[in-house]
Amino acid sequence: MPDPTGSRPDRNLAMELVRVTEYGALAAARWVGLGEKESADGAAVDAMRLMLDSVRMDGVVVIGEGEKDEAPMLYNGEHIGDGSPPEVDIAVDPLEGTTLAAEGSPRALAVMALSERGTMFDPGPCVYMMKIAAQQGFAHLLDLDRPLEETLKLVAKEKGTDVRDVTVMMLKRDRHADAVAEIRRVGARIRFIEHGDVSAALLAVQDESPVDLLWGIGGTPEGVISAASIKCMGGQLLGRLWPRNDEERNAALEQGYDLDEVLDVNRLVSGNDVFFAATGVTDGDVLDGVHYTRGGASTESLVMRSRSGTVRRVSARHDRAKLREISGERVG
(Lines give C-alpha, C1' and ligand atoms only; values in the text may rest on other atoms or scores of the structure.)
Protein backbone atom coordinates (compact mmCIF):
# COMPACT_ATOMS: atom_id res chain seq x y z
CA MET A 1 0.00 0.00 0.00
CA PRO A 2 1.17 3.57 -0.62
CA ASP A 3 2.80 5.26 2.37
CA PRO A 4 0.87 8.52 3.05
CA THR A 5 3.71 9.86 5.23
CA GLY A 6 6.28 9.54 2.45
CA SER A 7 8.76 8.14 4.95
CA ARG A 8 9.18 4.88 3.05
CA PRO A 9 10.90 4.82 -0.36
CA ASP A 10 8.35 4.72 -3.15
CA ARG A 11 8.64 2.37 -6.11
CA ASN A 12 8.71 5.39 -8.44
CA LEU A 13 12.20 6.09 -7.09
CA ALA A 14 13.45 3.26 -9.28
CA MET A 15 12.64 5.17 -12.46
CA GLU A 16 13.95 8.41 -10.97
CA LEU A 17 17.29 6.71 -10.33
CA VAL A 18 17.57 5.28 -13.80
CA ARG A 19 16.99 8.73 -15.26
CA VAL A 20 19.90 9.95 -13.14
CA THR A 21 22.25 7.21 -14.37
CA GLU A 22 21.10 7.74 -17.96
CA TYR A 23 22.06 11.41 -17.71
CA GLY A 24 25.43 10.50 -16.23
CA ALA A 25 26.14 7.94 -18.94
CA LEU A 26 25.09 10.24 -21.78
CA ALA A 27 27.34 13.02 -20.51
CA ALA A 28 30.34 10.77 -19.89
CA ALA A 29 29.98 9.10 -23.28
CA ARG A 30 30.91 12.37 -25.03
CA TRP A 31 34.41 11.83 -23.61
CA VAL A 32 34.82 8.14 -24.41
CA GLY A 33 38.13 7.36 -26.09
CA LEU A 34 39.54 10.88 -25.72
CA GLY A 35 42.01 9.97 -22.96
CA GLU A 36 40.60 12.48 -20.46
CA LYS A 37 39.22 10.50 -17.53
CA GLU A 38 38.80 13.52 -15.25
CA SER A 39 36.72 15.31 -17.88
CA ALA A 40 34.56 12.22 -18.41
CA ASP A 41 34.00 11.82 -14.68
CA GLY A 42 33.28 15.52 -14.22
CA ALA A 43 30.72 15.46 -17.01
CA ALA A 44 28.94 12.51 -15.42
CA VAL A 45 28.90 14.22 -12.00
CA ASP A 46 27.50 17.45 -13.44
CA ALA A 47 24.77 15.63 -15.37
CA MET A 48 23.74 13.56 -12.37
CA ARG A 49 23.58 16.71 -10.25
CA LEU A 50 21.16 18.21 -12.76
CA MET A 51 18.70 15.39 -12.12
CA LEU A 52 19.32 14.62 -8.44
CA ASP A 53 18.17 17.96 -7.10
CA SER A 54 14.66 17.25 -8.40
CA VAL A 55 14.32 13.72 -6.99
CA ARG A 56 11.83 13.45 -4.12
CA MET A 57 14.10 12.25 -1.31
CA ASP A 58 16.26 13.44 1.55
CA GLY A 59 19.48 11.64 0.64
CA VAL A 60 22.88 11.58 2.31
CA VAL A 61 25.86 10.40 0.26
CA VAL A 62 27.60 7.57 2.12
CA ILE A 63 29.60 6.36 -0.89
CA GLY A 64 30.55 9.23 -3.17
CA GLU A 65 33.35 11.01 -4.97
CA GLY A 66 35.53 11.48 -1.89
CA GLU A 67 35.56 14.01 0.93
CA LYS A 68 34.13 17.51 0.56
CA ASP A 69 37.50 19.18 0.02
CA GLU A 70 38.42 16.63 -2.68
CA ALA A 71 35.22 16.62 -4.74
CA PRO A 72 33.11 19.56 -5.90
CA MET A 73 29.93 17.48 -6.00
CA LEU A 74 28.51 14.20 -4.74
CA TYR A 75 31.02 14.06 -1.90
CA ASN A 76 30.67 11.84 1.16
CA GLY A 77 28.21 13.39 3.61
CA GLU A 78 26.53 15.65 1.06
CA HIS A 79 22.74 16.02 1.16
CA ILE A 80 21.04 15.48 -2.18
CA GLY A 81 17.45 15.39 -3.43
CA ASP A 82 14.73 17.95 -2.85
CA GLY A 83 14.79 17.43 0.94
CA SER A 84 11.39 15.76 1.22
CA PRO A 85 10.90 12.24 2.67
CA PRO A 86 12.03 9.49 2.48
CA GLU A 87 15.35 9.74 4.30
CA VAL A 88 17.84 7.52 2.50
CA ASP A 89 21.53 6.63 2.20
CA ILE A 90 23.07 7.10 -1.22
CA ALA A 91 25.91 5.27 -2.95
CA VAL A 92 26.96 6.78 -6.25
CA ASP A 93 29.72 6.27 -8.78
CA PRO A 94 29.00 8.67 -11.64
CA LEU A 95 31.55 6.88 -13.82
CA GLU A 96 32.65 3.46 -12.65
CA GLY A 97 35.68 2.81 -14.81
CA THR A 98 36.99 6.30 -15.59
CA THR A 99 40.07 4.80 -17.23
CA LEU A 100 37.89 2.41 -19.23
CA ALA A 101 35.89 5.33 -20.59
CA ALA A 102 39.00 7.39 -21.34
CA GLU A 103 40.50 4.48 -23.27
CA GLY A 104 37.27 3.54 -25.01
CA SER A 105 37.42 0.14 -23.30
CA PRO A 106 34.40 -2.01 -22.39
CA ARG A 107 32.36 -2.08 -19.16
CA ALA A 108 32.27 1.54 -17.98
CA LEU A 109 29.04 2.33 -16.10
CA ALA A 110 27.14 5.13 -14.42
CA VAL A 111 25.87 3.67 -11.12
CA MET A 112 23.69 4.67 -8.19
CA ALA A 113 22.02 2.91 -5.25
CA LEU A 114 19.97 3.92 -2.23
CA SER A 115 18.54 2.35 0.91
CA GLU A 116 16.90 3.50 4.13
CA ARG A 117 18.83 6.04 6.21
CA GLY A 118 21.58 4.50 8.33
CA THR A 119 21.70 1.15 6.51
CA MET A 120 24.75 1.52 4.26
CA PHE A 121 28.18 0.50 5.52
CA ASP A 122 30.57 3.44 5.76
CA PRO A 123 34.08 2.15 4.91
CA GLY A 124 35.79 5.02 6.74
CA PRO A 125 39.53 5.10 6.05
CA CYS A 126 39.66 1.67 4.34
CA VAL A 127 39.90 2.13 0.59
CA TYR A 128 40.23 -1.57 -0.21
CA MET A 129 38.59 -4.82 0.79
CA MET A 130 39.07 -8.49 0.01
CA LYS A 131 36.01 -9.74 -1.89
CA ILE A 132 34.47 -12.95 -3.13
CA ALA A 133 31.12 -13.01 -4.94
CA ALA A 134 29.02 -15.55 -6.81
CA GLN A 135 25.50 -16.36 -7.95
CA GLN A 136 22.93 -17.76 -5.54
CA GLY A 137 23.72 -21.38 -6.49
CA PHE A 138 27.29 -21.03 -5.17
CA ALA A 139 26.60 -18.61 -2.30
CA HIS A 140 26.85 -21.32 0.37
CA LEU A 141 30.37 -22.16 -0.84
CA LEU A 142 31.86 -18.70 -0.31
CA ASP A 143 34.46 -18.43 2.45
CA LEU A 144 37.24 -15.87 2.79
CA ASP A 145 39.21 -18.07 5.21
CA ARG A 146 39.15 -21.31 3.23
CA PRO A 147 42.01 -21.75 0.72
CA LEU A 148 40.85 -20.53 -2.68
CA GLU A 149 41.96 -23.81 -4.24
CA GLU A 150 39.47 -25.73 -2.09
CA THR A 151 36.64 -23.33 -2.91
CA LEU A 152 37.27 -23.80 -6.63
CA LYS A 153 37.03 -27.57 -6.23
CA LEU A 154 33.74 -27.18 -4.33
CA VAL A 155 32.33 -24.94 -7.07
CA ALA A 156 33.34 -27.50 -9.69
CA LYS A 157 31.60 -30.24 -7.70
CA GLU A 158 28.46 -28.10 -7.37
CA LYS A 159 28.50 -27.48 -11.14
CA GLY A 160 29.12 -31.12 -11.91
CA THR A 161 32.21 -30.27 -13.96
CA ASP A 162 35.96 -30.51 -13.78
CA VAL A 163 37.73 -27.68 -11.95
CA ARG A 164 39.21 -26.70 -15.33
CA ASP A 165 35.75 -25.45 -16.25
CA VAL A 166 35.60 -23.02 -13.30
CA THR A 167 36.36 -19.37 -14.14
CA VAL A 168 37.46 -16.68 -11.68
CA MET A 169 37.26 -12.99 -12.57
CA MET A 170 39.77 -10.71 -10.87
CA LEU A 171 41.55 -7.41 -11.22
CA LYS A 172 44.94 -7.75 -12.87
CA ARG A 173 47.12 -6.51 -10.03
CA ASP A 174 50.52 -7.50 -8.60
CA ARG A 175 48.91 -8.02 -5.20
CA HIS A 176 47.05 -11.03 -6.63
CA ALA A 177 50.18 -12.91 -7.76
CA ASP A 178 49.90 -15.64 -5.10
CA ALA A 179 46.22 -16.21 -5.86
CA VAL A 180 46.92 -16.40 -9.59
CA ALA A 181 49.49 -19.11 -8.94
CA GLU A 182 47.04 -20.99 -6.71
CA ILE A 183 44.22 -20.83 -9.26
CA ARG A 184 46.44 -22.03 -12.07
CA ARG A 185 47.94 -24.76 -9.92
CA VAL A 186 44.51 -26.29 -9.38
CA GLY A 187 43.71 -25.91 -13.08
CA ALA A 188 40.93 -23.31 -13.02
CA ARG A 189 40.67 -20.40 -15.44
CA ILE A 190 41.16 -16.68 -14.85
CA ARG A 191 39.42 -13.81 -16.59
CA PHE A 192 41.42 -10.66 -15.83
CA ILE A 193 39.93 -7.18 -15.81
CA GLU A 194 41.82 -3.90 -15.59
CA HIS A 195 39.07 -1.91 -13.85
CA GLY A 196 35.37 -2.12 -13.02
CA ASP A 197 34.53 -3.99 -9.78
CA VAL A 198 30.81 -3.25 -9.93
CA SER A 199 30.38 -4.45 -13.50
CA ALA A 200 32.33 -7.59 -12.62
CA ALA A 201 30.11 -8.29 -9.59
CA LEU A 202 26.97 -7.81 -11.68
CA LEU A 203 28.28 -10.42 -14.11
CA ALA A 204 29.45 -12.90 -11.48
CA VAL A 205 26.12 -13.12 -9.64
CA GLN A 206 23.93 -13.71 -12.68
CA ASP A 207 22.53 -17.17 -13.36
CA GLU A 208 24.25 -18.89 -16.28
CA SER A 209 27.11 -16.41 -16.01
CA PRO A 210 30.34 -17.27 -17.87
CA VAL A 211 32.11 -16.34 -14.62
CA ASP A 212 31.77 -18.50 -11.52
CA LEU A 213 33.50 -16.31 -8.94
CA LEU A 214 34.60 -12.72 -8.52
CA TRP A 215 37.64 -12.73 -6.24
CA GLY A 216 40.31 -10.28 -5.15
CA ILE A 217 41.22 -7.06 -3.42
CA GLY A 218 39.31 -4.11 -4.83
CA GLY A 219 37.63 -0.89 -3.79
CA THR A 220 35.53 -0.86 -0.62
CA PRO A 221 33.08 1.73 -2.02
CA GLU A 222 32.57 -0.50 -5.05
CA GLY A 223 31.95 -3.38 -2.64
CA VAL A 224 29.08 -1.49 -0.98
CA ILE A 225 27.57 -0.54 -4.35
CA SER A 226 27.92 -4.14 -5.56
CA ALA A 227 26.23 -5.36 -2.39
CA ALA A 228 23.25 -3.13 -3.13
CA SER A 229 22.86 -4.66 -6.58
CA ILE A 230 23.29 -8.21 -5.26
CA LYS A 231 20.69 -7.61 -2.56
CA CYS A 232 18.25 -6.80 -5.36
CA MET A 233 19.10 -9.53 -7.87
CA GLY A 234 20.34 -12.40 -5.69
CA GLY A 235 23.69 -14.00 -5.03
CA GLN A 236 26.22 -13.21 -2.33
CA LEU A 237 29.32 -11.12 -1.73
CA LEU A 238 31.65 -11.50 1.23
CA GLY A 239 34.22 -8.86 2.06
CA ARG A 240 36.88 -8.04 4.64
CA LEU A 241 38.55 -4.66 5.04
CA TRP A 242 42.12 -4.64 3.70
CA PRO A 243 44.19 -1.69 4.98
CA ARG A 244 46.96 -0.71 2.57
CA ASN A 245 49.47 0.26 5.26
CA ASP A 246 49.98 0.69 9.00
CA GLU A 247 48.63 4.23 8.93
CA GLU A 248 45.35 3.10 7.39
CA ARG A 249 45.17 0.09 9.70
CA ASN A 250 45.68 2.21 12.81
CA ALA A 251 43.12 4.76 11.64
CA ALA A 252 40.55 2.00 11.12
CA LEU A 253 41.21 0.48 14.53
CA GLU A 254 40.98 3.88 16.22
CA GLN A 255 37.58 4.41 14.60
CA GLY A 256 36.34 1.05 15.89
CA TYR A 257 36.45 -1.05 12.72
CA ASP A 258 36.87 -4.81 13.16
CA LEU A 259 39.42 -5.78 10.53
CA ASP A 260 38.67 -9.49 10.99
CA GLU A 261 34.92 -9.15 10.43
CA VAL A 262 33.45 -10.82 7.35
CA LEU A 263 31.01 -8.39 5.75
CA ASP A 264 28.22 -10.03 3.77
CA VAL A 265 25.60 -8.34 1.61
CA ASN A 266 23.26 -7.73 4.56
CA ARG A 267 26.07 -6.17 6.60
CA LEU A 268 27.19 -3.92 3.76
CA VAL A 269 23.63 -2.80 3.00
CA SER A 270 21.31 -3.72 5.87
CA GLY A 271 18.17 -2.03 4.55
CA ASN A 272 15.11 -3.97 3.46
CA ASP A 273 14.20 -1.60 0.63
CA VAL A 274 17.21 -1.16 -1.63
CA PHE A 275 17.17 0.44 -5.08
CA PHE A 276 19.92 0.10 -7.68
CA ALA A 277 20.36 1.58 -11.16
CA ALA A 278 23.20 1.34 -13.69
CA THR A 279 23.51 2.60 -17.26
CA GLY A 280 26.19 1.47 -19.67
CA VAL A 281 28.68 4.07 -20.88
CA THR A 282 30.73 1.68 -23.03
CA ASP A 283 29.63 -1.75 -24.22
CA GLY A 284 30.20 -4.56 -21.73
CA ASP A 285 29.20 -8.03 -20.60
CA VAL A 286 26.19 -6.78 -18.66
CA LEU A 287 25.02 -3.64 -20.50
CA ASP A 288 25.44 -2.00 -23.87
CA GLY A 289 26.99 1.43 -23.80
CA VAL A 290 25.75 4.70 -25.24
CA HIS A 291 25.27 4.43 -29.00
CA TYR A 292 24.88 7.54 -31.12
CA THR A 293 22.30 7.64 -33.88
CA ARG A 294 21.18 10.18 -36.44
CA GLY A 295 18.43 11.34 -34.10
CA GLY A 296 20.40 11.33 -30.84
CA ALA A 297 21.55 8.35 -28.78
CA SER A 298 20.41 5.11 -27.16
CA THR A 299 21.14 3.75 -23.67
CA GLU A 300 20.69 0.45 -21.87
CA SER A 301 20.17 0.29 -18.11
CA LEU A 302 19.42 -2.07 -15.25
CA VAL A 303 17.10 -0.92 -12.49
CA MET A 304 16.15 -3.07 -9.51
CA ARG A 305 14.47 -3.06 -6.12
CA SER A 306 15.09 -5.55 -3.33
CA ARG A 307 11.63 -5.23 -1.78
CA SER A 308 9.91 -6.58 -4.89
CA GLY A 309 12.81 -8.56 -6.32
CA THR A 310 12.16 -6.89 -9.66
CA VAL A 311 15.04 -6.51 -12.11
CA ARG A 312 14.25 -4.44 -15.19
CA ARG A 313 16.37 -3.90 -18.28
CA VAL A 314 15.53 -0.51 -19.76
CA SER A 315 16.36 0.45 -23.33
CA ALA A 316 15.86 4.13 -24.09
CA ARG A 317 16.22 6.54 -26.97
CA HIS A 318 17.24 10.14 -26.31
CA ASP A 319 16.73 12.95 -28.80
CA ARG A 320 19.11 15.72 -29.77
CA ALA A 321 17.52 18.31 -27.52
CA LYS A 322 18.11 16.20 -24.42
CA LEU A 323 21.71 15.52 -25.40
CA ARG A 324 22.36 19.23 -25.92
CA GLU A 325 20.88 19.91 -22.48
CA ILE A 326 23.28 17.42 -20.92
CA SER A 327 26.48 18.01 -22.85
CA GLY A 328 26.04 21.48 -24.26
CA GLU A 329 27.22 20.18 -27.59
CA ARG A 330 25.69 19.72 -30.99
CA VAL A 331 24.83 16.07 -31.74
CA GLY A 332 24.86 14.62 -35.22
Side-chain angles (χ1 to χ4, degrees), residues 14 21 63 91 93 96-97 106-109 111-113 115 120-121 129-144 148 151-152 154-156 158-159 161 165-171 183 188-193 195-240 262-272 274-280 284-288 300-314:
T21 59
I63 304 294
D93 195 342
E96 202 245 348
R107 301 174 38 256
L109 301 174
V111 183
M112 186 174 179
S115 64
M120 277 189 181
F121 181 80
M129 69 189 305
M130 170 69 75
K131 308 173 194 175
I132 187 169
Q135 62 177 275
Q136 189 62 49
F138 304 144
H140 63 291
L141 303 176
L142 302 185
D143 191 327
L144 289 174
L148 183 56
T151 298
L152 295 174
L154 290 172
V155 170
E158 189 77 22
K159 291 179 67 176
T161 65
D165 296 316
V166 175
T167 301
V168 181
M169 177 173 273
M170 65 166 60
L171 288 165
I183 293 168
R189 304 172 186 273
I190 301 174
R191 183 169 174 181
F192 283 117
I193 56 174
H195 305 278
D197 285 37
V198 176
S199 176
L202 284 169
L203 180 64
V205 301
Q206 293 189 30
D207 292 336
E208 307 301 325
S209 172
V211 173
D212 299 298
L213 291 177
L214 168 68
W215 184 94
I217 299 163
T220 307
E222 288 83 355
V224 177
I225 295 174
S226 297
S229 71
I230 295 170
K231 189 143 186 178
C232 294
M233 69 189 306
Q236 182 59 280
L237 179 147
L238 302 180
R240 179 183 287 131
V262 175
L263 308 162
D264 66 5
V265 163
N266 289 323
R267 177 71 172 90
L268 291 168
V269 184
S270 62
N272 295 316
V274 182
F275 292 78
F276 175 89
T279 302
D285 303 295
V286 178
L287 289 168
D288 287 339
E300 186 178 33
S301 305
L302 282 175
V303 57
M304 0 179 170
R305 186 184 187 186
S306 67
R307 192 179 191 91
S308 63
T310 304
V311 178
R312 290 185 172 88
R313 189 173 292 268
V314 179

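Predicted model only: the values in this text are computed from it and were never measured.
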Measuring only between side-chain heavy atoms, which start at C-beta, is F275 closer than 4.5 Å to V303? no

Set of residues satisfying salt bridge (Lys or Arg N to Asp or Glu O under 4.0 Å) with respect to R189, sequence neighbours excluded: none

Can you check whether G196's main-chain N or O pairs, donor with acceptor, with R107's side chain at less than 3.5 Å? yes

Spacing of CE belonging to M169 relative to CG belonging to D197, to within rounding of 0.5 Å: 10.5 Å

Scan T21, T279, D288 and name whichever one has a side-chain hydrogen bond (donor to acceptor under 3.5 Å, both in side chains) with S301. T279

Got M129 and L268 here, is their nearest side-chain heavy-atom distance under 4.5 Å? yes

Ion pair present between K159 and D165, side-chain N to carboxylate O less than 4.0 angstrom? no

Report the distance from atom CG of L141 to atom CG of L152, rounding to the nearest 0.5 Å. 10.5 Å

Provide the full list of side-chain hydrogen bond (donor to acceptor under 3.5 Å, both in side chains) pairs with a residue in residues 217-233, sequence neighbours left out, each pair given once. K231-N266

Please report the closest heavy-atom contact between V155 and D212, naming both atoms and the distance. CG1-CB, 4.2 Å

So for atom CZ, which belongs to R312, do other residues, nucleotides or ligands contribute more than 12 heavy atoms lying within a distance under 6.0 Å? no

To the nearest 0.5 Å, tell me how far M233 CE sits from D207 CG. 8.5 Å

Hey, what do you get for CG (L144) to CE (M130), rounding to the nearest 0.5 Å? 7.0 Å

Side chains of Q236 and F138, heavy atoms from C-beta outward: is any pair under 4.5 Å? no

Drop me the distance from F276's CZ to L202's CG, to the nearest 0.5 angstrom. 4.5 Å

Partner of M170 by side chain to side chain contact (heavy atoms under 4.5 Å, CB included), out of L214, I193, I183: I183

Mind listing the closest non-hydrogen atom pair of P106 and G284 along with its distance? CB-CA, 4.4 Å

Nearest non-hydrogen partners of A91 and I225, listed with the distance: CB-CG1, 3.7 Å

Okay, side chain of Q135, backbone of V205: is any donor-acceptor separation there less than 3.5 Å? no

Smallest heavy-atom separation, M120 atom then S115 atom, equals CG-OG, 3.5 Å

Distance-minimising heavy-atom pair for A227 and V269: CB-CG2, 4.0 Å

Do any N or O atoms from the side chain of R313 and from the backbone of L287 form a donor-acceptor pair under 3.5 angstrom? no

About how many Å separate NE2 of H195 and CG of L171, when rounded to the nearest 0.5 Å? 8.5 Å

Taking the side chain from E96 and the backbone from V198, do they hold a donor-acceptor pair closer than 3.5 Å? yes

Go through the steps for D143 and V262 under the test side chain to side chain contact (heavy atoms under 4.5 Å, CB included), then give the verdict. CA-CA 9 Å; D143 191 327; V262 175; over 6 Å; no

Taking the side chain as everything from C-beta on, heavy atoms only, tell me whether D285 gets closer than 4.5 Å to Q206. no

Of all heavy-atom pairs linking V286 and S199, the shortest is CG2-O, 3.9 Å

